Amino acid sequence: MRRTLTILGVASVALVALDVILGLWVTPPDADQGELVRLVYLHPALAWVALYLAFGMAALCAVLYLWPRTRSMRFDRLSASAVEVGVVFIGLTLITGSIWGRPTWGVWWTWDARLTSTALLGVLFLGYLALRRVPADPEVRARRCAIAAIFAAVDVPIVHFSVVWWQTLHQGATVLNPNLTPTIHGLMAWTLLLSFIAFTTLFAWMVLMRFQIEELRESGEDVELTRALEARRAEGVAS
Amino acid sequence: MNAYVAAGYVISLGTLGAYGFSLAIRLHRASKRGRREVSS
Amino acid sequence: MWRDAVLIAGRDLRIEARSRVALWQVLPFAVLTLLLFAFALGPRPGLLAQSAPGLFWLAVLFSSVLAAQRSMAIEGSGATRDSVRLLGLDPAGVFLGKVLALLAEMVALEAVLLGGVVLLFHVTVTSWGVLIGACLLAAVGLCTANVLYGSLAGEARMRATLLPVLVLPVVAPVLIAGSKAFSASVAPGSGSGARWLGILVVFAVVYSAMGVALYGPLEES
Amino acid sequence: MTNPMAPAIYLRSAVALAGRFPVLAGVDLDLDEGSVCVVLGANGAGKTSLLRLLAGLVPLASGEGAVLDCSLPGQARDLRQHVGLLGHDVGLYDDLRPAENLRFVLKASRLDPGLSDDALARVGITGRTASTPLGQLSAGQRRRVGLALLLARRPRLWLLDEPHASLDEPTRDLVSELTEEAARGGATVVATSHEPDLAIPMADTVVTMSGGIIATRAPGGRRGDRGWSDVA
């Protein structure tokens, strides 16, 4: 397990570094957006990891945990790790999104459909993390969190449609905000693809690490359990 | 280099770096605690 | 399932009838929020009438969370929870029962708030059908989500602060769709109300189905 | 009905957890149908957790267990309907009147709600006390309503958590009387207690718990109607 972690770690750092070098220096600036387009090698990849990868994985693991045949605490830990890393990525998606919006629309935050639903989902999963911190029996906490993850995942399409309809009526998405990912070709397209791969690997590395932390913490507690049993019995004999 | 682009990259990479580093530390501490439990 | 639902709803409503919490605490809170909104936005009638749809649903949303806190408090913790779990009720029935009881309170609450908005904010509603439909559908959605997240939030001391954090982001689409449906019912002849009712229907159906399916494992915790 | 030979309660090195702490650390217990068992022990010895395990409310973390032919932890849910649990807090609704509380529970257990009135009469909850909300009754009166609930539901397993605690003389006698009546009627009774002088005379078996396990086991003072009693 440790070996895969280090390999993944090195790979993700290398890929991200390559993406940054290509994105910042090698690829040409865009015709109308100029240098600003370089954010395209960051924002879409972050959003893809945050919205689809992280929360898709969290929901999938939650379902697997709730399904009696495949129930195991590992899925609960995987789900929680995916959410925690996912929330970090969602934060960055929002930050890079609003940085990109500032020069184009003149404001840090616009009620653009994608930004709004991303923010809402971010808050939704902050609720998951809040629920996770509630002290409870591990199985009970796992069950609650799994159900919360499924609720959040089910809410994604509802949020998406209601925000998109709400937003288009509001100020017409297509008129004001140019498509965030301008049509690109050649080296830029390759770098964009690279950015997706780089951040997916980074995500995998982080989730695995977070998962390993939970595993070690859990195994630490199992060891303690056997010692706790002896201590409990000794307590009886002593009294 | 456009200021916004720089800000975007610095913030993103900085946060990811910091978070990755914190994960590494927590992992190290957890594995040390794990080993100490088993050995003692 | 329905037998248990009626039983639980009866119990909750009887407890409400005895303790009158919804009547003397949640209702004043709802009306109070309307006044606070008016104070915040200033007395100019045009502004209030224009923002009335949003304000109405905000008042409904916050009151629904308050009412749900109360409904979950009935479940109690410790001994009361144990004794109910010993009765072998069908979890889906318990869920539907609690939703029905909360729904009764919510519909009454919405009626009063609707009166308040129309009077205080000088709102003239043209198509009442869309508005009433939105209120009922949204109430179902709100109640199902609130009961689900109420049991998810678990013990009382955590729930006071955890329930709003959990449930409000989830019911945001109800707030959006509700407000849009309300403004559609106020603006003469604009036919887009149906779309928002569609969202409310989907929300209500999805959360009712999930409640019936997932309330069992939830109660086990 | 359970075949007479199989014990109503069978536990082998049963472990139950509260979070990470093993409240029950390997309990071995055998009790026959229709017998009364009293569990003594210091606070924190795990008495209440044992009752909740027997009620199927706490999962059996490890070891073997079967109560009223329901194996633990798998059939805990089916076991619950046959169990009556009465703790310090009676676990009913303070806003409702005693009769309303009982009718709710009886209807939920698919029993005739009419049973509530004579059950309440049997425990002496009548007249004005019967029509005041449970929240305004004294601890003793609330305990009586709890007992009335058990009488009406007639569960096959009675689990009483310190039934005599903080009760006046007549109510204590009522508790002992009803427990005896239930056992004679074929129910199995397990009660924890801090008053050995009250508990032992009404018990077939007396066990003491400490540190999450059963330390000692001895026969109690109750002459089982089966006429045997191995005088240790």
Side-chain angles (χ1 to χ4, degrees), chain A residues 1-2 5 9 12-13 16-17 19-20 23-25 29 33-43 45-46 81 84-85 87-89 91-93 95-104 199 202-203 205-224 227, chain B:
Chain A
M1 187 55 168
R2 296 305 299 274
L5 267 181
S12 43
V13 169
V16 168
D19 172 52
V20 168
L24 282 184
W25 291 290
Q33 279 204 17
E35 290 294 321
L36 200 57
V37 79
R38 297 194 185 289
L39 284 174
V40 85
Y41 309 116
L42 215 53
H43 178 70
L46 286 170
S81 314
E84 188 176 300
V85 179
V87 166
V88 171
F89 274 80
L92 294 178
T93 311
I95 294 169
T96 48
S98 64
I99 288 178
W100 197 331
R102 179 76 176 84
T104 7
F199 282 101
L202 184 67
F203 170 74
W205 177 48
M206 288 186 165
V207 169
L208 219 54
M209 268 219 290
R210 186 65 185 82
F211 175 73
Q212 190 61 8
I213 292 169
E214 286 289 314
E215 285 274 296
L216 286 171
R217 219 175 261 160
E218 216 60 41
S219 67
E221 270 145 17
D222 288 345
V223 167
E224 277 165 15
R227 282 179 48 242
Chain B
M1 169 79 81
N2 175 315
Y4 291 110
V5 171
Y9 274 76
V10 163
I11 292 175
S12 311
L13 298 179
T15 323
L16 287 172
Y19 181 63
F21 192 65
S22 83
L23 283 177
I25 293 175
R26 279 190 282 174
L27 182 59
H28 180 63
R29 220 182 294 132
S31 57
K32 197 154 53 66
R33 200 166 60 81
R35 256 199 311 284
R36 193 160 36 77
E37 298 297 335
V38 170
S39 58
S40 73

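Order of the sequence lines fixes the chain letters, A, B, ..., with proteins taken first and strands second; residue numbering starts at 1 for each chain. All figures in this text were calculated on a predicted structure; none of them were measured in a lab. Just the heavy atoms: all of them, side chains too, but no hydrogens, waters or symmetry mates, feed the values below.
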*Go through the steps for Leu16(B) and Met206(A) under the test side chain to side chain contact (heavy atoms under 4.5 Å, CB included), then give the verdict.*
CA-CA 10 Å; Leu16(B) 287 172; Met206(A) 288 186 165; 4.0 Å; yes
*Separation between OG of Ser31(B) and CD of Glu215(A), rounded to the nearest 0.5 Å*: 13.5 Å
_Listing request: all side chain to side chain donor-acceptor pair (under 3.5 Å) pairs with a residue in residues 4-17 of chain B, at least two apart in sequence or in separate chains._
none
*Shortest non-hydrogen contact between Val85(A) and Tyr19(B), atoms and distance*: CG2-OH, 3.6 Å
*Which region of Leu13(B), side chain (C-beta onward) or backbone (N, CA, C, O), has a non-hydrogen atom less than 4.5 Å from a non-hydrogen atom of chain A, or is it both or neither?*
side chain
*asked:* Does any backbone or side-chain atom of Phe199(A) lie under 4.5 Å from a heavy atom of chain B? Answer side chain, backbone, both or neither.
replied: side chain
*asked:* Counting heavy-atom pairs closer than 4.5 Å to chain B, which one of Ile95(A), Leu5(A), Val88(A), Thr96(A) comes out on top?
replied: Val88(A)
*What's the shortest heavy-atom distance between Gly20(B) and Met209(A), and which atoms?*
O-CE, 3.7 Å
*Side chain / backbone / both / neither for Arg102(A) at chain B, heavy atoms under 4.5 Å*: side chain
*For Ser12(A), enumerate each residue passing the side chain to side chain contact (heavy atoms under 4.5 Å, CB included) test, keeping only those at least two apart in sequence or located in another chain.*
Thr201(A), Leu202(A), Trp205(A)
*Could you tell me which of Leu46(A), Leu42(A), Thr93(A) has the largest number of non-hydrogen atom pairs under 4.5 Å with chain B?*
Leu42(A)
*asked:* I'd like to verify something: which residue of Glu214(A), Glu84(A), Gln212(A) has the highest number of heavy-atom pairs under 4.5 Å with chain B?
replied: Glu84(A)
_Structural part of Val13(A) lying under 4.5 Å from a heavy atom of chain B_ = neither
